[in-house]
Amino acid sequence: MNQDRTPLFDAVKKYIQDNVVQFHVPGHKQGRGIKEFCDFVGEHVLQMDANGMEELDFANNPTGVIYEAERLIANAFGAQYGYFLVNGTTAGVQAMIMSACEPGDKIILPRNAHKSTIGGVILSGAMPVYIQPEINERLGIAMGITEESLKKAIKDNPDAKAVFIINPTYYGVASDMKSITRIAHRHGMAVIADEAHGAHMSFHNDFPLTAMEVGADMSAASMHKTGGSMTQSSVLLLRSNLIAPGRVKQILNLTHTTSSSYVLMSSLDIARKQLATNGSELLDDALQLARWARDEINSIDGLYAFGKDLVGTPGCFDFDETKLGINVMGLGLTGYQIEKKLRKEYKIQVEMSDLYNILCIVSIGHRKEDMDTLVNALEDIAIKQGVREYKAATMLPHNPQMIVSPRDAFYSDKKVVALEDSVGEIAGEMVMAYPPGIPVVCMGERISKDIVEYIKLLKEEKCQLQGTADPYANKIRVLGKE
């Protein structure tokens, strides 16, 4: 297919050029009804904010330019079908789980999955079978899963319908997607992949293999994170003998908005074209910047920028080098403290931080001067702080015991207790640090003392906690102890 084409974007531009008198929504009428905003962002963006019509197609049942644009994006990623998403990869993850599983079906998934996965489990009525990911004790982070852990989960749950994989993790760690897919398919299980942080990986040979490349059934990729499109725009990909496209379309129509943003979808059209036609060169530049910065940071006493050196360690089959993770324990500071310092003192905003690390995402939009600014700031912090005694990482809590299915827990009556009084209770809501959005405890799981202590530690570090009705997580909703 001709990847130089942008059928949707071209149609939107023509619609603007035709000077159509609008009696359809939205109400701002190409920005005239929201002048202050229009003056700041520019009239072109608001002129693009149109509604579904014949020449612009309809996102819920595309037969025209959106259909053509989705065929192009499927072709670019090596899929049979591609679907534009304007509610982020969250919508894609939930659609994948609902497409692969019916109520009561088992789905095997790593415990460090994003909260959207739990949402998909609740919506589908599936029963999660958790695999404990490998833990890197030095970094204090979850890695990928191993073939051995998957084989054990399948042996214990031969009736599972699907295997859910993260490719790569937030930190850039990739499991052996090819082997995992082969193992699951041998047992008749669909493989669905959260590739929120891997939308770019198909377009350069130095990245881990993607779900579509290894023959997995479905993938959801955040084009906005690393592919160049606008925030909230993602793509759902399908190439499967186990999941029917009609089923996927039916599921999407349950949750997909009927007012899809043409601004977001047009950005997907352009981002796809750019990656398909020039992605290798753009990503080569991003890789060179990330490699240079990693080498420079590793020459600074007290800092450790991890990368390809993790390959071969438990749970790390491959690594995405554009995920610039930096362990800061050698400075005696937490990742949260370093993030705040960078933002307040150096006007640098990192992607995320945890107790021991910060994460910077290097992408096709970065310049050498950006990397210089980051490296110089980290060097300045390290000089002022000095190398401190290396302290052992606090271990992440082990997988809690699931007592009630997430769906049943979601619909059950709940009571509110103080966090410190919740040990032994069954959680009635999730508690997670955001980002990365990985639950410390999921609804339906038994709350342990270790979990409570870990949540308290996150609170002490002023970490952004989400999932609880109480915005400060001082209280938590529970189902009871039995």
Take M430 and V441, measure what side-chain contact (heavy atoms from CB on, under 4.5 Å) needs, and give me the verdict at the end. CA-CA 6 Å; M430 290 186 284; V441 64; over 6 Å; no
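- Counting heavy atoms from C-beta outward, I145 and I165 have side chains that approach closer than 4.5 Å.
- Under the 3.5 Å distance criterion, with hydrogens and angles disregarded, a donor-acceptor pair is assigned to the side chains of E351 and Y170.
- In this structure, the side chain of D370 does not engage the main chain of H366 through any donor-acceptor pair within 3.5 Å.
- With hydrogens and angles left out, the side-chain atoms of T146 and S149 include a donor and acceptor closer than 3.5 Å.
- Dense packing is recorded around CG of N2, with more than 12 heavy atoms of other residues, nucleotides or ligands lying under 6.0 Å away.
- Looking at Q94, its side chain never comes within 3.5 Å of a backbone N or O of A91 through a donor-acceptor pair.
- Not one N or O on the side chain of D57 forms a donor-acceptor pair closer than 3.5 Å with the backbone of P62.
- With hydrogens and angles disregarded, a donor-acceptor distance shorter than 3.5 Å links the side chain of S299 to the backbone of E296.
- Considering every non-hydrogen atom in both T257 and N60, the closest pair reads O-OD1, 3.1 Å.
- Checking S219 against E195 by side-chain atom types alone, a donor-acceptor pair falls below 3.5 Å.
- Residues A59 and H256 share a closest heavy-atom pair of CB-CE1, 4.2 Å.
- Each salt bridge (Lys or Arg N to Asp or Glu O under 4.0 Å) pair with one or both residues in residues 221-250, not counting sequence neighbours, would appear here, but there are none.
- Counting heavy atoms from C-beta outward, M223 and S234 have side chains that stay 4.5 Å or more apart.
- Atom CD1 of I141 and atom CD1 of I438 lie 9.5 Å apart (nearest 0.5 Å).
- Counting non-hydrogen atoms of other residues, nucleotides and ligands closer than 6.0 Å to CZ of R291 gives a total above 12.
- Checked by atom type, the side-chain pair E425/S422 shows no donor-acceptor distance below 3.5 Å.
- Looking at P400 and I451, their side chains come closer than 4.5 Å, going by heavy atoms from C-beta outward.
- Judged by distance alone, with hydrogens and angles left aside, the side-chain atoms of S99 form a donor-acceptor pair with the main-chain N or O of A95 at under 3.5 Å.
- Across all their heavy atoms, L264 and S261 have their closest contact at N-OG, 3.1 Å.
- With contacts defined as side-chain heavy-atom distances shorter than 4.5 Å, the pair R111/I131 does not qualify.
- Side-chain atoms of N112 and M143, non-hydrogen and from C-beta on, never get closer than 4.5 Å to each other.
- Side-chain N/O atoms of D217 and H185 include a donor and acceptor closer than 3.5 Å.
- H197 and D320 form no side-chain donor-acceptor contact under 3.5 Å, judged by distance and modelled atom types alone.
- By the 6.0 Å contact criterion, CZ on F317 is open, its count of non-hydrogen atoms from other residues, nucleotides or ligands being 12 or less.
- Looking at every heavy atom in both residues, A74 comes nearest to G82 through CB-N, 3.4 Å.
- Checked for salt-bridge contact, K106 and D159 meet the test: a charged N lies under 4.0 Å from a carboxylate O.
- Between C360 atom SG and E339 atom CD the span is 9.5 Å, to the nearest 0.5 Å.
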Go through the steps to decide whether F58 and Y67 satisfy the test ring pair (Phe, Tyr, Trp, His ring centres under 6.0 Å), and finish with yes or no. CA-CA 9 Å; F58 300 88; Y67 173 74; over 10 Å; no
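- Between the CG atom in L333 and the OH atom in Y356 there is a gap of 13.0 Å [rounded to 0.5 Å].
- Shown here is F410, whose CZ atom has no more than 12 heavy atoms of other residues, nucleotides or ligands within 6.0 Å.
- Atom CG of D408 is separated from atom CD1 of I426 by 11.0 Å, given to the nearest 0.5 angstrom.
- Between H114 and D194, some side-chain heavy-atom pair lies under the 4.5 Å cut-off.
- Side-chain contact check for D269 and Y262: no donor-acceptor pair (N or O, by modelled atom type) lies under 3.5 Å.
- A salt bridge is absent between E147 and K178: the closest approach of a Lys/Arg side-chain nitrogen to an acidic carboxylate oxygen does not fall below 4.0 angstrom.
- Crowding of D4 atom CG: a count of heavy atoms from other residues, nucleotides or ligands under 6.0 Å exceeding 12.
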Could you check R294 against N298 for side-chain contact (heavy atoms from CB on, under 4.5 Å), going step by step and ending with a plain yes or no? CA-CA 6 Å; R294 185 172 276 108; N298 279 330; 3.8 Å; yes
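- A donor-acceptor contact shorter than 3.5 Å is absent between the side chain of H187 and the backbone of A184.
- Using a 3.5 Å distance cut-off with no hydrogens or angles, the side chains of Y171 and D354 do pair a donor with an acceptor.
- Separation of atoms CE (M201) and CG (D206) is listed at 12.5 Å; rounding is to 0.5 Å.
- Ring geometry for Y83 against Y81 counts as parallel: the plane angle stays under 30°, on a 0 to 90° scale with 60° as the upper cut.
- Under a cut-off of 6.0 angstrom, the local environment of NZ in K462 is sparse, with at most 12 non-hydrogen atoms contributed by other residues, nucleotides or ligands.
- Minimum heavy-atom separation, A473 to L419: O-CD2, 3.7 Å.
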Can V362 and M371 be said to form a side-chain contact (heavy atoms from CB on, under 4.5 Å), step by step? CA-CA 9 Å; V362 182; M371 312 313 295; 3.8 Å; yes
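- Applying the side chain to side chain donor-acceptor pair (under 3.5 Å) test to T226 and every residue at least two apart in sequence or in another chain returns H200.
- Of the possible polar contacts, none joining the Q274 side chain to the A271 backbone as a donor-acceptor pair under 3.5 Å is found.
- Side chain of N136 to backbone of L139: a donor-acceptor contact under 3.5 angstrom is found.
- For the pair Q337 (side chain) and T334 (backbone), a donor-acceptor distance under 3.5 Å is present.
- One side chain, N75 or Q3, offers a donor N or O that lies under 3.5 Å from an acceptor on the other.
- Between the side chain of S266 and the main chain of V263, no donor-acceptor pair closer than 3.5 Å is present.
- Of all the heavy atoms in A196 and T89, the pair that sits closest is CB-CG2, 4.1 Å.
- The shortest side-chain heavy-atom distance between I361 and V350 does not fall under the 4.5 Å cut-off.
- Residues V86 and S260 form a side-chain contact, since some pair of their non-hydrogen atoms from C-beta on lies under 4.5 Å apart.
- Interatomic distance, CD1 of I243 versus NZ of K161, reported as 11.0 Å (0.5 Å rounding).
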List the steps, then state whether side-chain contact (heavy atoms from CB on, under 4.5 Å) holds for L324 with L359. CA-CA 6 Å; L324 184 57; L359 177 65; 5.6 Å; no
Verdict with reasoning, R5 to E68, per salt bridge (charged side-chain N to carboxylate O under 4.0 Å, His left out): CA-CA 10 Å; R5 297 177 59 236; E68 291 180 41; 2.6 Å; yes
